[in-house]
Amino acid sequence: MARSGWVTPEGPERLSDHVSLGVLTRVFPAEVVDAVIGRTGALEQRNRLLPSRLMVYYVMALALFSTGSYEEVMRSLLAGMEWLSGRFREWTMPTKAAIYKARTRLGPAVMVELFAEVAKPFAAPGGAGFYKEWRLVSVDGTTLDLADTPANERAYGRPGTNTDFKSAFPQARVLGLVECGTHAVFSAVASRCDTSEHDLYPALLADLAKDMLAMADRGFFSYTAWKDSAATGAALLWRMKANSALPPLEDYPDGSYLSKVYSSGKDRAKDSNGIPVRVIEYEATTGAKATMGNEALAGDDVSKFLLITTILDPATAPADDLAGLYARRWEIESSFDELKTHQRGPGIVLRSKTPDGVLQEIYGHLCAHYAIRSLIGTVAAEFDEDHLRFSFTRTLRAARRSLAARPAFSPSHTG
């Protein structure tokens, strides 16, 4: 309700006409948001308290304030309005129902396309995110718990429904490409939890580029996936299953060897349509704990790695270098941890109760994470520092505080 003694401002200005969006507006400028809204047909048809542009930033704000209520997040988003300094004398906070209707009108396509348009790798060549001329990127997936509604379960599935185990929540699977040197997710696709990462992977191929060295774990290899990935021009470094048939054709001085991958055993027998690959085998020892009865015993866990690469010349990329680089693939796990544990919050379930709302919310989280990582990138470039030396959690807190800064533009359309 309006505060006692406050009066309505003169003119047609609305609560949503003056909003500060901090770091979000730097990475997702209003003109870009407007263009995406126009292309996806999400522009409101009449003057509304909650126009489409404002709702785009609101969806990202939901990701930054994942534990707040709908109304609390809107208050945080609007906290920088000039009425705080006396310009506005009466205001009406949108209800939860009004916010829900506005999110429904916006739909998920705007957030999906906005992320696809803005999210790009941004590590500077020659820095920690590069090996020689190649930008290090990694592909992997994660799952997100969803609000327990029949609609979400039908659309996204629930793990364990055909076994004795049944998950407490429906889940969505997200597969992403991450720039290892910055932890920025620059390409992503979301689907049902029972969709394999291998099946989702082709949706990311368009975002591989010739300057990239793309790394993937054992579950991604197939002849078609390897062939299509190599066709993008990106260099590849993928782990293979230990029992993969990779007979040596030529040994190299660095311990690697030349082999071929085939689409079938029949093609292998005929040496037909084989793709040359270079194979690197090595072992990695990590600290581990074993148990005997109730007693914990110190021990070492030795893992055998079998890698293949499109870089066939050992002089260009020695085996030891590639083995070391593959360890950087795990940066993607840290990126997902930032998004799920620190940004979303540990154990927090996505709040959307409809499938379209879930997709919208997932890409809101991806956009917010990219905005924070971009802010870190700007500071890292200014001070010529490694991006990963800066705390994601501290930057996240700063991004949240930035929403209370003074407004920079009107979230409603002027044209």
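Since the structure is predicted, the reported quantities are computational estimates derived from the model, not experimental observations.
- Interatomic distance, Thr143 OG1 to Asp194 CG, rounded to the nearest 0.5 Å: 12.0 Å.
- Classified by interplanar angle (parallel below 30°, tilted 30° to 60°, perpendicular above 60°), the ring pair Phe221/Trp238 is perpendicular.
- For the 3.5 Å distance criterion, the side chains of Asp254 and Ser256 qualify, holding a donor opposite an acceptor.
- No side-chain heavy atom of Asp320 sits under 4.5 Å from any side-chain heavy atom of Tyr282.
- In this structure, CH2 on Trp134 lies 11.0 Å from CG on Leu236, to the nearest 0.5 angstrom.
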Item to check | Full working for side chain to side chain contact (heavy atoms under 4.5 Å, CB included) between Ile376 and Thr182 | outcome: CA-CA 8 Å; Ile376 292 174; Thr182 65; over 6 Å; no
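- Here the closest heavy-atom approach between residue Leu64 and residue Ala368 is recorded as CD2-CB, 4.1 Å.
- When all heavy atoms are compared, the tightest approach of Cys367 to Phe28 is O-CE1, 3.3 Å.
- Panel note: side chain Tyr370, backbone Phe186; no donor-acceptor pair is recorded below 3.5 Å.
- Taking the charged nitrogens against the carboxylate oxygens, Arg173 and Asp199 have no contact shorter than 4.0 Å, which rules out a salt bridge.
- Considering CG of Leu106 and CG of Leu54, their distance stands at 10.0 Å, rounded to 0.5 Å.
- Rounding to the nearest 0.5 Å gives a distance of 7.5 Å between CG of Leu24 and OH of Tyr57.
- For the atom pair CG of Leu208 and CG of Asp211, the computed distance is 10.0 Å after rounding to the nearest 0.5 Å.
- Aromatic ring pairs are classed by plane angle as parallel below 30°, tilted from 30° to 60° and perpendicular above 60°; the pair Tyr363 and Phe115 is perpendicular.
- The distance from the CG atom of Leu146 to the CZ atom of Phe169 is 9.5 Å, given to the nearest 0.5 Å.
- The side-chain heavy atoms of Leu62 and Tyr70, taken from C-beta on, include a pair separated by under 4.5 Å.
- Glu117 places no side-chain N or O within 3.5 Å of a backbone atom of Val32 that could act as its donor or acceptor partner.
- Proximity of a side-chain donor or acceptor of Arg278 to a complementary backbone N or O of Thr309 within less than 3.5 Å is not detected.
- Contact record, Thr149 with Lys353: OG1-O, 3.0 Å, taken as the closest heavy-atom pair.
- Summarising the geometry of Pro94 relative to Glu71, their closest heavy-atom pair is O-CG, 4.2 Å, with the distance given to 0.1 Å.
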Next on the checklist: I'd like to know whether Ser352 forms a side-chain hydrogen bond (donor to acceptor under 3.5 Å, both in side chains) with Glu361, so could you lay out the CA-CA distance, the side-chain angles of the two residues, the decisive distance to 0.1 Å, and finally the verdict.
Outcome noted: CA-CA 7 Å; Ser352 300; Glu361 189 175 356; 2.6 Å; yes
Checklist entry - Can you list the steps and then say if Leu350 with Arg344 is a side chain to side chain contact (heavy atoms under 4.5 Å, CB included)? => result CA-CA 8 Å; Leu350 296 190; Arg344 181 199 60 175; 4.2 Å; yes
Checklist entry - For Thr393 and Glu338, what are the C-alpha separation, side-chain angles and deciding distance, and is it a side chain to side chain contact (heavy atoms under 4.5 Å, CB included)? => result CA-CA 8 Å; Thr393 304; Glu338 291 168 358; over 6 Å; no
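- For Arg373 and Glu179, the salt-bridge test fails: no basic side-chain N is under 4.0 Å from an acidic carboxylate O.
- Tested against Ser229 for a side chain to side chain contact (heavy atoms under 4.5 Å, CB included), the candidates Val139, Thr224, Leu205, Leu204 yield a single pass: Leu205.
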Next on the checklist: Using side chain to side chain contact (heavy atoms under 4.5 Å, CB included), reason through Ile275 and Lys227 one step at a time and then give a plain yes or no.
Outcome noted: CA-CA 8 Å; Ile275 301 175; Lys227 181 180 179 180; 3.8 Å; yes
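- Across every non-hydrogen atom of Tyr100 and Thr354, the tightest pair is OH-CG2, 3.8 Å.
- Side-chain atoms of Ser244 do not come within 3.5 Å of backbone N or O of Leu246 as any donor-acceptor pair.
- Of all the heavy atoms in Ala42 and Ser52, the pair that sits closest is O-OG, 2.5 Å.
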